[in-house]
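See structure below.
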Amino acid sequence: MSLLFDIVNVNGEASCLSSSRWLDILKGDENAEFYQWLMLYVKYKKKVTLGLTGATIVDVLKLNPKAIDLINKNPAIFEIVFRPFSHDISLLRSTEGFEKNITLGIQVIKKEFKNVSPVFLPPEFMLTNEQLSKLTLKNIKSVFINSNRFPEEIENRIPKTPYEVLGVNGVKMGCITIDGKLTYDYLRALHYYSSDVWNKSITTAKNKHVFSWLDGESSFLIPDGINREKF
């Protein structure tokens, strides 16, 4: 049996989620879909690592501040990691633009959350070596990497367990490798109301520690999403 680390990205700017739908998800205090989604982790005592972009946090603060309170009141359940303010493709950012984006994101996260770990979840898992060096200046100790996002030749060369990478100017950064297959297994469970494949992947994993990543918006894109997530 492996120890599962559940990393969940939450991005109100998601291209697959309309602005009106995202805002509706936040309305209703404790009855809001977003609040009920968070409550599932609390109710079933399922620890989760949340990566919310700064812009997403601002929306939640405005429309459902009780959701922020819920996260902060349950530090044993919710771990927060750093994200930029805006979800973008960092490879297309200038150095100044990247720095501004991560600085704003980090400021919002530090201001609103208590249980924050010095780990960065990059949008689309994209970063340059120069950007890694910029993150170390913000006291970021590790980043997540999803080997499944790379061509097969490169994917096969990426370690399956956490490792250290050497960036420009001798900068060292910890890399936490996501098991890309688990994302598909989660989506299969969500859509088919069957956790057989998901459970088998976890129980038969070769590594002692398994890191799974998913989009938190997934539950809000399909009918009966909260009940599916509960299942």
Side-chain angles (χ1 to χ4, degrees), residues 1-18 21-22 25-26 32-53 56 60 67 70-71 74 76-81 83 87 117 119-126 142-150 152 155 158-162 175-231:
M1 178 71 74
S2 298
L3 180 62
L4 174 68
F5 290 83
D6 194 14
I7 299 107
V8 181
N9 164 79
V10 184
N11 174 28
E13 303 170 87
S15 58
C16 53
L17 190 67
S18 69
R21 175 68 179 128
W22 166 240
I25 291 165
L26 298 178
E33 288 178 78
F34 186 73
Y35 189 96
Q36 291 299 312
W37 176 75
L38 291 172
M39 271 300 300
L40 292 176
Y41 290 99
V42 177
K43 180 178 180 180
Y44 295 105
K45 295 180 172 59
K46 297 292 186 180
K47 296 182 179 182
V48 62
T49 297
L50 286 179
L52 301 93
T53 61
T56 299
V60 178
L70 180 66
I71 293 172
N74 292 275
I77 299 295
F78 300 106
E79 174 192 40
I80 305 298
V81 292
R83 306 225 63 202
H87 189 285
S117 292
V119 185
F120 185 73
L121 177 58
E124 309 302 338
F125 298 97
M126 294 183 179
S142 301
V143 297
F144 291 104
I145 184 169
N146 190 345
S147 59
N148 194 241
R149 294 292 182 92
F150 291 83
E152 185 176 357
E155 179 183 3
I158 296 176
K160 305 303 181 185
T161 55
C175 289
I176 301 171
T177 308
I178 299 296
D179 185 339
K181 179 180 181 300
L182 291 179
T183 303
Y184 297 103
D185 292 345
Y186 160 79
L187 291 172
R188 183 182 180 89
L190 192 70
H191 283 262
Y192 288 92
Y193 268 111
S194 173
S195 298
D196 293 345
V197 174
W198 167 263
N199 290 333
K200 183 178 180 180
S201 292
I202 300 301
T203 55
T204 60
K206 296 180 180 179
N207 296 325
K208 182 179 179 180
H209 299 126
V210 177
F211 297 89
S212 171
W213 167 85
L214 57 98
D215 276 319
E217 308 93 68
S218 299
S219 298
F220 307 119
L221 296 172
I222 55 179
D224 205 27
I226 299 300
N227 283 329
R228 290 174 185 270
E229 188 75 44
K230 179 180 178 180
F231 173 84

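Both backbone and side-chain heavy atoms feed into the values below; hydrogens, waters and symmetry mates do not.
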Could you tell me which residues satisfy side chain to side chain contact (heavy atoms under 4.5 Å, CB included) with [X], sequence neighbours excluded, listed by chain and number?
{"X": "Lys46", "answer": "Tyr41, Tyr44"}
{"X": "Ala67", "answer": "Phe34, Tyr35, Leu38, Val60, Asn64"}
{"X": "Ser147", "answer": "Glu155, Ile158, Lys160, Thr177"}

For [X], give me all partners under side chain to side chain donor-acceptor pair (under 3.5 Å), at least two apart in sequence or on another chain.
{"X": "Ser18", "answer": "Ser20"}
{"X": "Glu13", "answer": "Ser86"}
{"X": "Trp37", "answer": "none"}
{"X": "Thr49", "answer": "Glu79"}

Side-chain heavy-atom pair [X], [Y] within 4.5 angstrom cut-off:
{"X": "Ser212", "Y": "Ile178", "answer": "no"}
{"X": "Leu182", "Y": "Ile202", "answer": "yes"}
{"X": "Ile80", "Y": "Leu52", "answer": "yes"}
{"X": "Thr56", "Y": "Trp22", "answer": "yes"}

For [X] and [Y], which heavy atoms make the closest approach, and how far apart are they?
{"X": "Ala205", "Y": "Val210", "value": "CB-CG2, 3.5 Å"}
{"X": "Leu26", "Y": "Ala32", "value": "O-CB, 3.5 Å"}
{"X": "Leu121", "Y": "Val81", "value": "CB-CG2, 4.2 Å"}

**Message:** With a 3.5 Å distance limit and no angle check, can you tell me whether Ser195 reaches the backbone of Ala189 through a side-chain donor-acceptor pair?
**Reply:** no
Rounded distance (nearest 0.5 Å) linking atom [atom1] of [X] with atom [atom2] of [Y]:
{"X": "Ile7", "Y": "Trp213", "atom1": "CD1", "atom2": "CH2", "answer": "10.5 Å"}
{"X": "Asn146", "Y": "Met126", "atom1": "CG", "atom2": "CE", "answer": "11.0 Å"}
{"X": "Ile145", "Y": "Phe125", "atom1": "CD1", "atom2": "CZ", "answer": "9.0 Å"}

**Request:** Mind checking ring-ring contact (aromatic ring centres under 6.0 Å, His included) for Phe211 and listing every partner two or more places apart, or none if nothing turns up?
**Result:** Phe5
**Asked** Looking at residues at least two apart in the chain, or sitting in another chain, which of them share a salt bridge (Lys or Arg N to Asp or Glu O under 4.0 Å) with Glu124?
**Response** Arg149
**Request:** Take Asn148 and Tyr184 through the test side-chain contact (heavy atoms from CB on, under 4.5 Å) and record every step on the way to the result.
**Result:** CA-CA 11 Å; Asn148 194 241; Tyr184 297 103; 3.5 Å; yes
Result block: side-chain N/O donor-acceptor pairs under 3.5 angstrom for residues 218-231, not counting sequence neighbours:
{"unit_1": "Ser218", "atom_1": "OG", "unit_2": "Asp215", "atom_2": "O", "d": "2.9"}
{"unit_1": "Ser219", "atom_1": "OG", "unit_2": "Glu229", "atom_2": "OE1", "d": "2.4"}
{"unit_1": "Asp224", "atom_1": "OD1", "unit_2": "Asn227", "atom_2": "ND2", "d": "2.8"}
{"unit_1": "Asp224", "atom_1": "OD2", "unit_2": "Tyr193", "atom_2": "OH", "d": "2.6"}
{"unit_1": "Arg228", "atom_1": "NE", "unit_2": "Pro223", "atom_2": "O", "d": "2.8"}
{"unit_1": "Arg228", "atom_1": "NH1", "unit_2": "Leu190", "atom_2": "O", "d": "3.0"}
{"unit_1": "Arg228", "atom_1": "NH1", "unit_2": "His191", "atom_2": "O", "d": "3.0"}
{"unit_1": "Glu229", "atom_1": "OE1", "unit_2": "Tyr186", "atom_2": "OH", "d": "2.6"}

**Prompt:** Is the closest basic N to carboxylate O distance between Arg21 and Glu217 below 4.0 Å?
**Reply:** no
**Prompt:** Can you pull the salt bridge (charged side-chain N to carboxylate O under 4.0 Å, His left out) pairs that have at least one residue in residues 182-194, sequence neighbours excluded?
**Reply:** Lys181-Asp185
